[in-house]
Asks: 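Have a look at the structure that comes next, please.
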Amino acid sequence: MKTTIFPLLFVTAFIQISLSKKKDSFGVREFLDKEKKKFTAPCPKKITSSSINRLRWTAETDQAISCILVALDAKENDGFQWSALGTLYQRKGQTSQAVSCFKHASKLSGKVSPFVTSWDFIGPFVIGKMELDGDPLEPFGGVFEVSKKRNNKNIKFFSELVPGGEIKWKSFKQSVAGETIKISPQVNWNDLVNSLSSIGITEWQGWVVGEFAVNEKDQLVVFQCLDVHTFYIDGRPMTGDVYRRDVFWTTTHLSQGVHTIYIRLRSKVSATFKCSIKIPESSLEILPSHFLPDLVNGHLFGKHVAVPMTNNHHSKWVRVSKVSVTDQSEGHVLRSHLLHPVNIAPGQTVSVLFSLETADNGIVLTRCTTLNVILSITTSMGTIPFKVNLRCRKPGESFLFTFLDHDGSVQHAAAIAPISGCGGAACPTLLTLHGTTVPPQNQADSYKVMRNGEYVFGIPHGWLLAPTRHGAHNWEGPGSLTAIAALDRLVSLTQSCEWITEKADNSRVLFAGHSMGGHGAWHLATHFPDRALGLLSLAGWIKKEEYGDSNLFFRHDLATSHVDPATKSVMEACIAENDADRHVTNLQDIPVFARIGANDRTVHPFFMRRMYRLLSEIQVMINYTELPDKEHWWWDTWETNDGGVVNDRQLREFTDSITQTDASCDSEGCDRAKDNKYTLKREEKFIYTCYNPALGEGLNGLQIIQQRAPLRLSTIEGFTKNDQFWLKTTNVRSFLMMEPKIRRMEWKNKVLKIDDTVVDIQDTNKFETDGVLFCNKKGDWVQCDVEGRKATTYGPARRVAERPFVIVIDMDSEYGVEIQSLAVYIANLFFLTSDTFAPIVRLSDVTDKTIDESNLIILSLLPTILGALELLPDLTSTDSVIKLGDCKFAEPRSGLMTLAPHKTQKDGLVMFLSANSIEGLRDVVSLATPTIPPMTRSPFSNLLPDYVVTGPDFGWKGPGGFLCAGFWGNHWEYRPDLSSCVCHS
């Protein structure tokens with residue numbers, strides 16, 4: 001047996017060695033010697049990576065090859081230089097040499113470089129604090145061009161942040177994969193802060209550029225760049241992970257050769273980032289579920305689930321058609337239902353939305369324990385299993401529930417049931433908004449107090465609700481709508497669950513919050529005052545643009561040297577609705593409690609003092625307190641475990657006085673148990689203030705539907721005496737009058753005069769149901785039906801994403817592939833910045849159902865959208881010219897972003913992103929790019945009006961490069977008074 005085995009082993013080893021030699025037949029030394037004879041161009045005396053790169057980037061191909069061959073002669077195991085050499089041979093069309101170089105590079109470095117070994121940085125440049133500003137490299141050709149000369153020591157750029165005003169490229173080395181790169185510009189920040197009296201000046205921008213190699217043909221490569229919102233691969237925009245959630249990667253398909261990463265850094269004092277590169281393990285990946293509903297005492301409370309899925313394939317769309325429950329650890333059988341079949345574009349990450357349900361009155365478990373559920377997702381690329389674990393929460397504990405939000409996404413909130421009963425009626429709701437980075441369950445659980453050695457959570461006579469929305473919404477825009485959606489959904493869930501005895505009421509709300517949530521409480525109460533039983537703002541700031549150095553409005557921006565004042569006014573009108581101090585008159589009849597620590601320097605008491613002054617000036621009942629020796633947050637106010645910053649004795653007393661009700665209630669609600677120091681007397685006059693009727697529900701049953709000049713200040717002043725009521729309007733074209741559910745006005749029993757018109761109300765029953773609509777026609781107020789644009793279709797641009805929407809792309813043009821990648825970039829931005837459901841649909845796949853059920857964001861070059869613009873009477877275009885009124889924009893890099901009416905939905909919107917060139921379309925898409933780290937907003941969510949026309953200088957001048965920006969009129973017409981440009985229709 002021994003004599004048999006030994007020869008066999010010897011022969012096997014010989015065959016393996018022979019095969020290995022045959023496979024590794026590339027002779028490095030022979031190749032280098034042979035090629036050096038062909039390429040004899042002179043090289044610098046000292047050959048370095050920098051000198052070689054300079055030759056490569058300036059297209060000195062033969063000389064670059066010659067120098068790389070010499071460098072490899074000294075260091076033949078440099079994998080990146082072999083890749084660079086292969087790329088140069090490709091450039092010359094010498095395929096066989098290129099193949100040999102890439103094979104050897106792959107052996108040394110793998111299919112793709114594991115990391116960038118050297119980053120080149122140019123900066124710091126000044127930048128503004130808003131979402132939009134110019135790029136200081138654009139006047140010199142843009143980063144994609146100027147970076148080709150970054151190893152030229154004579155190249156300089158210009159920045160007011162450094163002595164002498166000149167800066168040059170600097171290099172930063174990376175030694176291992178996964179290393180965090182830190183860039184700290186050598187700037188005397190203290191001198192700038194003191195001299196300019198501005199902390200905001202410490203914010204800067206710059207570019208970092210690095211190279212990596214792909215050594216095999218046609219590779220799928222995935223990237224993860226942390227702490228940045230956007231990066232570019234060879235000029236293609238890709239979504240970064242600015243919030244460092246660490247599970248999201250972005251895919252692209254790359255050819256063999258050296259490729260470049262460009263990152264436009266934005267930071268304060270110093271910047272850190274980390275970029276990772278790898279080959280994806282699979283073409284389709286399921287990521288951990290964001291939001292799962294809890295089981296409440298064994299019952300399913302909220303049924304919606306969102307599971308993110310990434311399509312890593314470079315060209316195939318993936319169809320998701322079914323979600324099934326295949327197994328569960330115990331309990332009543334769950335079944336699942338896919339909410340929307342979805343096509344996932346190449347490179348896109350999107351949430352698959354489905355529901356979990358049971359037929360047994362919501363009960364799943366007879367004992368409270370964790371439930372393990374195995375599900376599978378059926379796709380066009382096969383079926384993929386995944387697992388979710390559902391917690392079970394006991395009575396008295398906070399729990400999480402999920403719901404469909406205003407934009408069709410699945411979101412979650414925390415809640416705690418009332419500690420005591422609500423007198424047989426629906427319970428009022430304490431809506432509490434969290435501060436920055438605070439999870440919703442932590443916010444809910446902060447409402448606790450120690451009694452008899454145990455914590456008691458919640459409030460006695462009402463539901464406690466703590467909503468959330470990922471991202472820098474500041475409880476404005478999508479955040480405020482998510483909070484109201486969570487409130488409404490809590491009501492519908494408690495009403496539908498027979499096992500819940502205490503139902504929630506969304507018409508009687510105590511708005512509360514701390515820090516950012518304190519601002520949110522101001523914001524929601526001023527926009528939904530007819531729901532407000534009271535307002536409790538703790539350490540709340542007033543507006544983001546004046547809070548510290550955040551979002552300073554045109555202070556240090558590059559654009560300030562170029563932007564027209566009219567453009568500034570249009571942009572400021574986009575955010576006026578978020579300023580709490582502008583809307584204080586809407587709190588006239590609402591008890592307000594405001595408090596802050598006297599030593600708080602996170603949110604200085606200045607902001608609360610200002611609101612105290614403003615509210616006192618109009619005689620709103622406000623209890624304002626600055627607690628001595630307290631900072632921004634504390635757990636113990638006067639005693640250990642007494643409820644602390646949000647729930648101590650003082651706050652519990654206010655909450656109880658607002659929410660406690662009598663045992664007897666009727667269909668119109670419940671009376672307060674007794675008068676107390678927070679009980680208000682109704683004033684004989686009020687002022688309803690509104691800057692944008694698209695947000696909110698009005699005051700005292702009055703809601704503005706149309707303004708004469710959209711997005712300008714509108715007011716309705718009311719004066720009452722006995723059975724007479726006078727209304728005086730400013731900038732109001734139509735408004736709705738209803739009977740509010742709390743603080744009833746008894747409109748039907750009064751004689752009504754609007755401005756100079758005595759109004760005869762014919763159908764008084766409408767006050768209790770749909771309301772009565774009044775319009776001003778030729779100076780007289782009459783009952784009417786609204787014509788044209790109204791509150792539900794007012795801008796600004798972000799409104800298109802405040803309902804379910806789809807992104808529609810035109811794939812038929814020669815730029816179809818790039819348009820698809822731009823759409824994926826926008827969709828991934830929506831997902832990563834705010835967990836928004838943003839499906840992409842090809843124009844050829846659009847159905848009537850797609851259009852009828854969704855708002856639309858349409859990406860296309862100009863010829864494709866000509867017919868779609870027919871509903872905008874003053875906007876026309878040809879292949880190369882955009883015409884607005886009498887203004888023509890024919891520059892070769894002109895782009896258009898505009899809202900338009902939806903053809904089939906009376907309350908729907910369409911956003912067009914278009915241009916007369918692909919370069920112009922890239923500019924328009926960049927309007928979606930959020931730029932403020934680390935709290936990055938959702939795309940299009942801040943300073944963009946109804947329409948913007950970008951010009952060839954937009955990249956350089958930011959908003960100063962807007963050729964025109966403004967708002968459409970009530971019939972979607974162009975109006976000079978609402979526009980930044982001088983056009984006459």
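What you see is a predicted model, and the numbers here were worked out from it, not measured in a lab.
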Asks: How far apart are the C-alpha atoms of Val126 and Ile201, what are their side-chain angles, what is the distance that settles it, and do they pass the side-chain contact (heavy atoms from CB on, under 4.5 Å) test?
Replies: CA-CA 7 Å; Val126 72; Ile201 196 62; 4.0 Å; yes
Asks: Under 3.5 Å, side chain of Asp241 to main-chain N/O of Cys225, donor-acceptor pair present?
Replies: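 Side chain of Asp241 to backbone of Cys225, a donor-acceptor pair under 3.5 Å: no, none is there.
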Asks: Answer with yes or no whether the side chains of His229 and Thr833 bring together a donor and an acceptor at under 3.5 Å.
Replies: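 There is no such pair (donor and acceptor under 3.5 Å, judged by atom type) between the side chains of Thr833 and His229.
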Asks: Identify all side-chain donor-acceptor contacts of residues 270-277 below 3.5 Å with residues at least two apart in sequence or on another chain.
Replies:
none

Asks: If you apply the rule side-chain contact (heavy atoms from CB on, under 4.5 Å), what do you find for Ser147 with Trp57, and how did you get there?
Replies: CA-CA 8 Å; Ser147 62; Trp57 298 334; over 6 Å; no
Asks: Enter the distance from Ile68:CD1 to Leu32:CG here, rounded to the nearest 0.5 Å.
Replies: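 If I round to the nearest 0.5 Å, the distance is 11.5 Å.
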Asks: State whether the number of non-hydrogen atoms from other residues, nucleotides or ligands found under 6.0 Å of Lys170 atom NZ is greater than 12.
Replies: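 Check fails, neighbour count at 12 or below.
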Asks: Can you give me the closest heavy-atom contact between Pro136 and Phe125, atom names plus distance?
Replies: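 For Pro136 versus Phe125, the nearest heavy atoms are CG-CG, 3.2 Å.
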Asks: Counting distance only, does the side-chain N/O of Asn311 pair as donor-acceptor with the main-chain N or O of Lys316 below 3.5 Å?
Replies: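 Yes, the answer is positive, given that a donor and an acceptor are paired below the 3.5 Å cut-off.
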Asks: Is the shortest side-chain heavy-atom distance between Phe212 and Val112 below 4.5 Å?
Replies: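 Sidechains of Val112 and Phe212: in contact.
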Asks: Start with the C-alpha distance between His434 and Thr468, add both sets of side-chain angles, then the distance that settles side chain to side chain donor-acceptor pair (under 3.5 Å), and finish with yes or no.
Replies: CA-CA 8 Å; His434 63 72; Thr468 191; 2.8 Å; yes
Asks: Do Gln820 and Gln348 have side-chain heavy atoms sitting under 4.5 Å apart?
Replies: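 Result no, sub-4.5 Å side-chain heavy-atom pair not found.
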Asks: Quick check for you: to the nearest 0.5 Å, what is the distance between Ser50 atom OG and Lys153 atom NZ?
Replies: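 Rounded to the nearest 0.5 Å, the OG-NZ separation comes to 8.0 Å.
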Asks: Quick one: does any side-chain atom of Arg319 pair with a main-chain N or O of Ser380 as donor and acceptor, under 3.5 Å?
Replies: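 A pair under 3.5 Å: no.
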Asks: Using atom types as modelled, flag every donor-acceptor pair under 3.5 Å from a side chain in residues 77-86 to any protein atom, sequence neighbours excluded.
Replies:
residue: Asp78; atom: OD1; partner: Phe80; partner atom: N; Å: 3.3
residue: Asp78; atom: OD1; partner: Gln81; partner atom: N; Å: 3.3
residue: Trp82; atom: NE1; partner: Glu76; partner atom: O; Å: 2.7
residue: Ser83; atom: OG; partner: Gly79; partner atom: O; Å: 3.2
residue: Ser83; atom: OG; partner: Asn215; partner atom: OD1; Å: 2.5

Asks: Side chains of Asn372 and Lys387, heavy atoms from C-beta outward: is any pair under 4.5 Å?
Replies: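 They are in contact (side-chain heavy atoms under 4.5 Å apart), so the answer is yes.
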Asks: Quick check against the 3.5 Å criterion: does Ser376 have a side-chain atom that pairs as donor or acceptor with the backbone of Ile384?
Replies: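 Looks like no, no N/O pair under 3.5 Å.
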Asks: What pair of heavy atoms forms the shortest contact from Leu558 to Gly134, and how long is it?
Replies: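 Looks like CD1-O, 3.2 Å.
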Asks: Taking C-beta and beyond as the side chain, do Met309 and Val342 meet within less than 4.5 Å on heavy atoms?
Replies: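 No. Closest side-chain heavy atoms not under 4.5 Å.
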Asks: Quick one, Asn312 with Ser283, criterion side chain to side chain donor-acceptor pair (under 3.5 Å). Give me CA distance, side-chain angles, the key distance, then yes/no.
Replies: CA-CA 5 Å; Asn312 286 325; Ser283 296; over 6 Å; no
Asks: Find out whether Ser267 and Trp204 are in side-chain contact, i.e. whether some heavy atom of one side chain is under 4.5 Å from a heavy atom of the other.
Replies: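 Answer yes - side chains close enough.
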Asks: Looking only at the side chains, is there a donor atom on one of Asp135 and Trp207 sitting less than 3.5 Å from an acceptor on the other?
Replies: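 Distance-only check passes for Asp135 and Trp207.
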Asks: Distance check, rounded to the nearest 0.5 Å: Ile52 atom CD1 versus Ile65 atom CD1?
Replies: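 Rounded to the nearest 0.5 Å, the CD1-CD1 separation comes out at 12.0 Å.
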Asks: When you compare the side chains of Thr370 and Asn389, does any donor N or O come within less than 3.5 Å of an acceptor on the partner?
Replies: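 There is no such pair (donor and acceptor under 3.5 Å, judged by atom type) between the side chains of Thr370 and Asn389.
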Asks: Check Gly347 against Asn828 and note the closest heavy-atom contact, atom names and distance.
Replies: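 Taking every non-hydrogen atom into account, O-ND2, 3.1 Å.
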Asks: With a 4.5 Å limit on heavy-atom distance, are the side chains of Phe102 and Gln90 in contact?
Replies: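 Yes, side chains in contact.
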Asks: What heavy-atom pair brings Ala472 and Arg937 nearest, and what distance separates the two atoms?
Replies: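 Of all heavy-atom pairs spanning Ala472 and Arg937, the closest is O-CG, 3.4 Å.
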Asks: For the residue pair His259 and Val214, what are the closest heavy atoms and their distance?
Replies: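 So the minimum-distance heavy-atom pair works out to CD2-CG2, 3.8 Å.
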Asks: Side chain to side chain contact (heavy atoms under 4.5 Å, CB included) with Glu60: which residues, sequence neighbours excluded?
Replies: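 By the side chain to side chain contact (heavy atoms under 4.5 Å, CB included) rule, Glu60 matches Leu55, Thr58, Gln63.
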Asks: Relative to each other, are the rings of Phe140 and Phe157 parallel, tilted or perpendicular (30° and 60° limits)?
Replies: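 The rings of Phe140 and Phe157 stand perpendicular, inter-plane angle above 60°.
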Asks: Who passes side chain to side chain contact (heavy atoms under 4.5 Å, CB included) against Val70, sequence neighbours left out?
Replies: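 For Val70, the residues satisfying side chain to side chain contact (heavy atoms under 4.5 Å, CB included) (neighbours in sequence not counted) are Ile47.
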Asks: Assess, by modelled atom type and distance only, whether the side chains of Thr836 and Arg469 contain a donor and an acceptor separated by less than 3.5 Å.
Replies: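 Judged by distance alone, the side chains do pair up.
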Asks: Determine which pairs satisfy side-chain hydrogen bond (donor to acceptor under 3.5 Å, both in side chains) with at least one residue from residues 177-189, sequence neighbours left out, and list them in order.
Replies: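 Qualifying pairs, neighbours excluded: Ser175-Glu179.
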Asks: Less than 4.0 Å between a side-chain N and a carboxylate O, is that true for Arg245 and Asp835?
Replies: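 So Asp835 pairs with Arg245 through a salt bridge.
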Asks: Shortest non-hydrogen contact from Ile344 to Val320?
Replies: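 Taking every non-hydrogen atom into account, CD1-CG2, 3.9 Å.
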Asks: Got a donor-acceptor contact below 3.5 angstrom from the Ser159 side chain to the Pro124 backbone?
Replies: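 Between the backbone of Pro124 and the side chain of Ser159 there is a qualifying donor-acceptor contact (under 3.5 Å).
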Asks: Between Phe31 and His104, does the ring pair (Phe, Tyr, Trp, His ring centres under 6.0 Å) criterion hold? Intermediate values first, please.
Replies: CA-CA 11 Å; Phe31 178 86; His104 195 59; 9.1 Å; no
Asks: Is Gln94 reaching over with its side chain to a backbone N or O of Ser96, donor-acceptor style, under 3.5 angstrom?
Replies: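 Pair absent, no side-chain N/O of Gln94 close to backbone of Ser96.
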Asks: Once you round to the nearest 0.5 Å, how far does CZ of Phe231 lie from CD of Gln224?
Replies: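 It comes to 9.0 Å.
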Asks: Will you find, in the side chains of Thr929 and Tyr825, an N or O donor that is under 3.5 Å from an N or O acceptor?
Replies: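 There is such a pair (donor and acceptor under 3.5 Å, judged by atom type) between the side chains of Thr929 and Tyr825.
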Asks: Compare all side-chain heavy atoms of Ile199 with those of Lys268 and state whether any distance is below 4.5 angstrom.
Replies: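 Yes - at least one pair of side-chain heavy atoms lies under 4.5 Å apart.
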Asks: Can you list everything that forms a disulfide bond (SG atoms under 2.5 Å apart) with Cys101? Sequence neighbours excluded, please.
Replies: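 Cys101 satisfies disulfide bond (SG atoms under 2.5 Å apart) with no residue once adjacent residues are dropped.
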Asks: Output, in order, the C-alpha distance, side-chain angles, deciding distance and verdict of side-chain contact (heavy atoms from CB on, under 4.5 Å) for Leu226 and Asp246.
Replies: CA-CA 8 Å; Leu226 305 181; Asp246 294 330; 3.2 Å; yes
Asks: Does some side-chain heavy atom of Thr230 sit less than 4.5 Å from a side-chain heavy atom of Arg264?
Replies: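 They are not in side-chain contact.
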Asks: Return the CD to CD distance between Gln97 and Glu35, rounded to the nearest 0.5 Å.
Replies: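 Gln97 atom CD to Glu35 atom CD measures 5.0 Å (nearest 0.5 Å).
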Asks: Students often mix this up, so state it plainly: with edges at 30° and 60°, are the rings of His314 and His253 parallel, tilted or perpendicular?
Replies: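 Plane angle under 30°, so parallel.
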Asks: side-chain contact (heavy atoms from CB on, under 4.5 Å) between Val242 and Leu832: does it pass, once the steps are laid out?
Replies: CA-CA 8 Å; Val242 70; Leu832 287 172; over 6 Å; no
Asks: Could you state the interatomic distance from CG (Asp73) to CG (Asp33), rounded to the nearest 0.5 Å?
Replies: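 So the gap between those two atoms works out to 6.5 Å.
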